Amino acid sequence: MGLEAINLTKRFFDAKRGEFNAVQSVSFACHKGEIFGLLGPNGAGKTTTLRMITTILKPTSGTAKINDFDVTTNPRQVRKQLGFVSADTGLYERLTPREILTYFGKLSKYPKEKLTERIAEVTSMLQMESFLDSRCEKLSTGMKQKVSIARAIVHDPPVIIMDEPTTGLDVLTSQVLHRFILQCKEMNKCVVFSSHIMSEAEKLCDRMAIIHKGQVLASGTLEELRAESGMHYLEDIFLNVVKEDDIVEA
Amino acid sequence: MFDGLIERLQDIAVVANKELKHCFRDAHVLIYTVFVPLILYPISLVSLSEYTLWREGLAETRPVRLAYVKDGMERIPELVQVVKETKKIAVTESEDPIHDLEQNKLECVVDGSGAPEKINVMLNPSSDRFLETRVLMQSRSYDARALAMKNAVEKVAGANKVSKVFEIETHNVGTMGGRKASLQDMEITAFSTTIVLVAFYGYTMLIITVGAIYPALAAFTEEAEKKTKATTYLLPVERSTVVVGKFAAVTILTILSGLVNFLSMAFVALYFTAKLEWLKRALTLAMKQYSLENLLGVLLLFMLSTLLVASIYSLIASTAKSFKEAQNISSLVLITVTILPMVALLPGWTLDIRTAFIPILNMVLCAKAIVTDSVGGLEMTVACAESVAITATLLYLSQVIFWGKEPANANQDFSAANR
Amino acid sequence: MRRDDFDEIITVFAKDLIEVLRDYRTLIVMIIMPAIIYPALLVLPSSVATHLKHDIKKKHYNIALIGDARAVIPSLRESKTLHLRQVLETGDPEKLLAAKVADIVVTFPDNFTDVIDNIKSTPRVQIFYDARRDQNLIALAEVRMALNMFRASVVQYRFKTLGVQTPQKYELNFSDIGEAKEQSLASEPVRNLLPFLLFTMLTVSIIYPALDVITGERERNTLPLLLMSPSDRHNIMFGKCLVVIVIGAGALLIGLLSIYLFIQIGGNKADDLLVLKFPLSAMVMCMLVSIPLVVTLSSLSILLASWCKTFQQGQGYFVPFLFAAMGASSVCSLPELKLSSGVAFIPVANTALSLKEVLSGHADPLWLCVSSVVAIAFAVYVTTVAARILDSERLLFGVADSRARRRLSGDFNPEIAILCFSVFLLMFYLGQTLQSWDIVVGSLITQVVVILLPAVYLLKHLRLPLRETMSLRMPHPLHILAALLITPLCVLTSMLVYNIQNYIVPAPEAFTTMFTRMIVESDKPLWLSLLGIAVAPGLCEELLFRGAILGLLRQRFKPISQCLITGALFGVFHMSIFRVGPTAVLGVVLTALAVWTESIVPSMIVHILNNSAAILMGKYHLEERFLSYWPITLVVGALGLILLIKVRPSKTGQ
């Protein structure tokens, strides 16, 4: 149980490149209580993959299953299992964090009578009591990110998906986020996150996949990757894999 | 000394060139300067003319229904005759006309039994055509009066002289565009003057403003919104050079937009002249009111108002922190700027030493003075000089405001929130 | 499940309403604009007119008289606006005007009184004025009126002395049937203006909230989150639509209330003809009748907002949207148009008309219900469509569909739209100029440059084979014969359609005379008229519609849709509501012919002959006679149709 991507493929059209595969036969799996990292440079297809898993893009072929619900045939059930955080998701600026949490909690069908309790729980976990009732437009970047995280987990989803969540955050806020990801693991959730920061992946991920130009080039635990390439640092391993691919292509 | 000036002008040209390129690649500028005038006028005016024709057709095929009260026809033979000959009125037989009128089966009931002291015309205010019927009947009564007079005169031997009494001849001592107009031309002349004024008003106020908003936004506000201001700040040129260059670009685009607008308006006018004879006559007369000097004068006014409006929007655009804010302010300004010159179109408002001091209004009044050939030198000078002065002031203000907030301060709101 | 749907809608509604109400712009459009600007728009013009009239009446004009004016002076004195400044024996009128002694100078002959008394001859009175001051025109009219009064009194006197009965003056005394008996709720100016005002008011007040709740989500990047939540898209859309409806209804209520108050305070002082009557009952009725309107317009604005990627784009679409709404409200000013004539089934326009009918007091409850039901059903449909657009990948992430792939699958819709638009623009800017220069030669050039060239250019640009796409091949010889046989039937049909259409959209005399004047009374030789107005359109328009457009539609649509689309475009192309019907029907027939025979030639033949028939019938007044031959036309046409059906195109047989 958990998340499973099976041969996900997405074709796009671009004025410059014409038809191309943004994501090509990407397969991976992430289990409960596991942190899975999707690593790759900008434009590698990480975001597109995650968007297909979160049901807002339709795969050209292939599918993904979340707790055995299929994203192409049963998107509504899939959505109930999901929490999504990314660096560029917005907030309703004229609403307060409490209002936002209530809104998404209700829409995600979290039991109404427990919702207030759950919001209190989430806010204390993320230490955001102090600004719970001021409008979002007045919050700082770090506070906003906390609200985003709280919004993603307010309905207590079993699967959490994060698309480059630390981009643009300072060290302190990133730290909060890293702690949160580890907390999720403790709570036996399935966490998938994409990043291009190798140190972050090294620190958090149980398993990872390196994705470049829409294809998975290598995957496994950090140890497996180290053994395969004979290098120690993830950054070196990453560069090695990506470079090899570029050479093959040339 | 000249070297410095030339260098400065070159800098301005470089800035203006960049802004022009920038604007031409902005979808909004293109839409509002080229697309809207090219498409919107033809479509809206073609549909307007079709609508008018449709309405006309409906009125022709569905005449106003009129009935006479019993015994109400004998004493008003001329009116009966005139009504009978009118296509837009259908005379209907009715047992109980008043009741039918109440039921909206009739639009009008005429009771001539009390004539000539009292001819009663009854209408139903709940009818769709209450006003139309009233106006129509009024004009029919004038026709009936004329007919009655004609009939009476025919009964008297050699009576043409009896009814004519005297002839009236009208002389206009003022020249309209170098020629004396006869009274027959009078109405059309007044109308054509209005057309010219409305065209001028439309050009200066609606078109220039719509054409000027987006270039100004692209040139000034975008620097703030896209955070390129800091880079521009570091350029090794005079601060004013940058602003003047941007202003030049805005002005050029505004003029361009005006030209495109004029072009398509001209074609729209052409479309209408093919359909309406009187419009053709009026426009021909309107054109006759222009001598070469008049034309040059009006062109000068166009230039001045373009500069003025461009400077107004440059100021707005440099004040605003974001597109949205700028759009909100400019729509407010748009309303004030459009209402003011509308006053100038009312009869009785002419250019004198008081009105010459009201900006924007005075430009339209100047055009009015030129068209009606009653130019006063002092007032014109005052109006033009004031426009130039205001333009310069606004330009200076927009320069001060544009550079006023130093790049470091731009983040002030953000840091305040962090605290 | 039902309960869930309801919960979802309410959740979305509550959140969006709070958010929208916290935006100051909403408050401006919802409260300030309706409360101040719209009532002012309704009341200001009439009070300005009254004021001006008052002003004009109060003004005095100086006049000077030269010559023997004794007889006229009493009449002139009666005028309240004319002020008799000077009476001179002799003088130079131009000098008097230049010295600004008088605004108007009237000169009389020296023996004026004598001539008038004895009916000797017709003396000449001259009026001098300066047209450069526009107020002088009013003075001029006053003087002329005073002189006419004098003339009338002289005539009356003369008739009396001659012993003839004086002619009647025909002064009408207008009265209405009394307030108790008439059913109208509001006076005519209000009835005609109010729908227009309400439409504008509503459009302006709902567009911001609509953009805010939908495009705003897209712009702030919160839409993907919403779409990831396990709630139904339709419910989200309905919730959002409800917010817009509430805002719209609120603005409407405020607007109507303030219009009501404005009219109570300032309206009744207006001119007696333009009296503004708008009682409380009318206001309440207005509000009730407008509810369907609020719903329809809200759903349309939601649809519009769903299309927009950014706020700015939405603001750009706003003006056309406003224009369209105002255009729809203009049905109110069409006299004698009723809901029962079928308008009840046209969304948006039907509510405008309901408003007018209710205000004028003769609305039929049945048709009111029909139009409300139609309006709400339409709104529900539009909202569902909007919900489908909401998660379009293209709009969410700017993912473009491949143009090459689209074209390969035979979908040329954007190209056809561009082609139609360019033909329209070229037609307006170039065709019109050419035709006003010379109707025959101009239309000849127009056909080639404006109609044929764009079509050929587009096909070349798409690298499609010209011959095949345009069906440029010889048809079966019998098909040519069939085309000839059915031509009279086509002419008859389009005449029939014209007459039927004339019932709803009657052509005014100005239109019909213009048409004949243009074609029939041209001084060009007949062959040239036929070439320019019959042969050239027959060839070029066919190549555009039955050639290029039909060719581009062929792969994607069924034959019936091909006929209908091409026919409709052909109708609209003629740019006149009086010709839409007949030309569209003709277009459908021609397309069917082209589709069936797989060749463009038969439709060209029919088109050329049809246009020639119109010219010839107009020129030699043969319409009556042609119509009287209808049995022959029917028989010949039936023969042609049978021939068409019996003989399948040779290519299919292969």
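All values reported here derive from a predicted model rather than from experimental measurement. Letters A, B, ... mirror the listed sequences (proteins, then strands); counts begin at 1.
Between Asn173(C) atom CG and Ser141(B) atom OG the span is 11.5 Å, to the nearest 0.5 Å. Interatomic distance, OG1 of Thr133(B) versus CZ of Phe174(C), reported as 9.5 Å (0.5 Å rounding). Note: Leu172(C) CG to Arg145(B) CZ = 8.5 Å, rounded to the nearest 0.5 Å. One distance of note links CZ of Arg151(C) with CD1 of Ile168(B); it measures 5.0 Å at 0.5 Å rounding.
With a 4.5 angstrom heavy-atom cutoff, Leu147(B) does not touch chain C via any of its atoms. Contacts between Arg140(B) and chain C at a heavy-atom distance below 4.5 Å are absent for every atom of the residue. Proximity to chain B (any heavy atom under 4.5 Å) is shown, for Tyr157(C), by neither the backbone nor the side chain. Both the backbone and the side chain of Ile577(C) come within contact range of chain B, each with at least one heavy atom under 4.5 Å from a heavy atom of that chain. At a 4.5 Å heavy-atom cutoff, the contact between Phe323(C) and chain B is made by side-chain atoms alone. In this structure, the portion of Lys87(B) lying under 4.5 Å from any heavy atom of chain C is its side chain and not its backbone. Contacts between Thr107(C) and chain B at a heavy-atom distance below 4.5 Å are absent for every atom of the residue. Neither the backbone nor the side chain of Ser47(B) comes within contact range of chain C, judged by heavy atoms closer than 4.5 Å. Of the atoms belonging to Phe150(C), it is side-chain heavy atoms, and not backbone ones, that fall under 4.5 Å from chain B.
By number of non-hydrogen pairs under 4.5 angstrom with chain C, the leading residue of Leu48(B), Ile76(B), Leu101(B) is Ile76(B). For the set Met137(B), Lys118(B), Glu78(B), the entry with the most heavy-atom pairs within less than 4.5 Å of chain C is Glu78(B). Ranked by heavy-atom pairs shorter than 4.5 Å toward chain B, the options Ala507(C), Ser576(C), Gly327(C) are led by Ser576(C).
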Do Phe428(C) and Val46(B) pass the side chain to side chain contact (heavy atoms under 4.5 Å, CB included) test, and can you show the C-alpha distance, the side-chain angles, and the key distance before you say yes or no?
-> CA-CA 10 Å; Phe428(C) 190 86; Val46(B) 166; 3.6 Å; yes
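Residues Met575(C) and Glu50(B) come closest through the heavy atom pair O-OE2, 3.6 Å.
Contact check for Trp54(B) versus Pro508(C): no side-chain heavy atoms found under the 4.5 Å cut-off.
Listed by chain and residue number, Arg129(B) satisfy the salt bridge (charged side-chain N to carboxylate O under 4.0 Å, His left out) test with Glu132(B) (two or more places apart in sequence, or in another chain).
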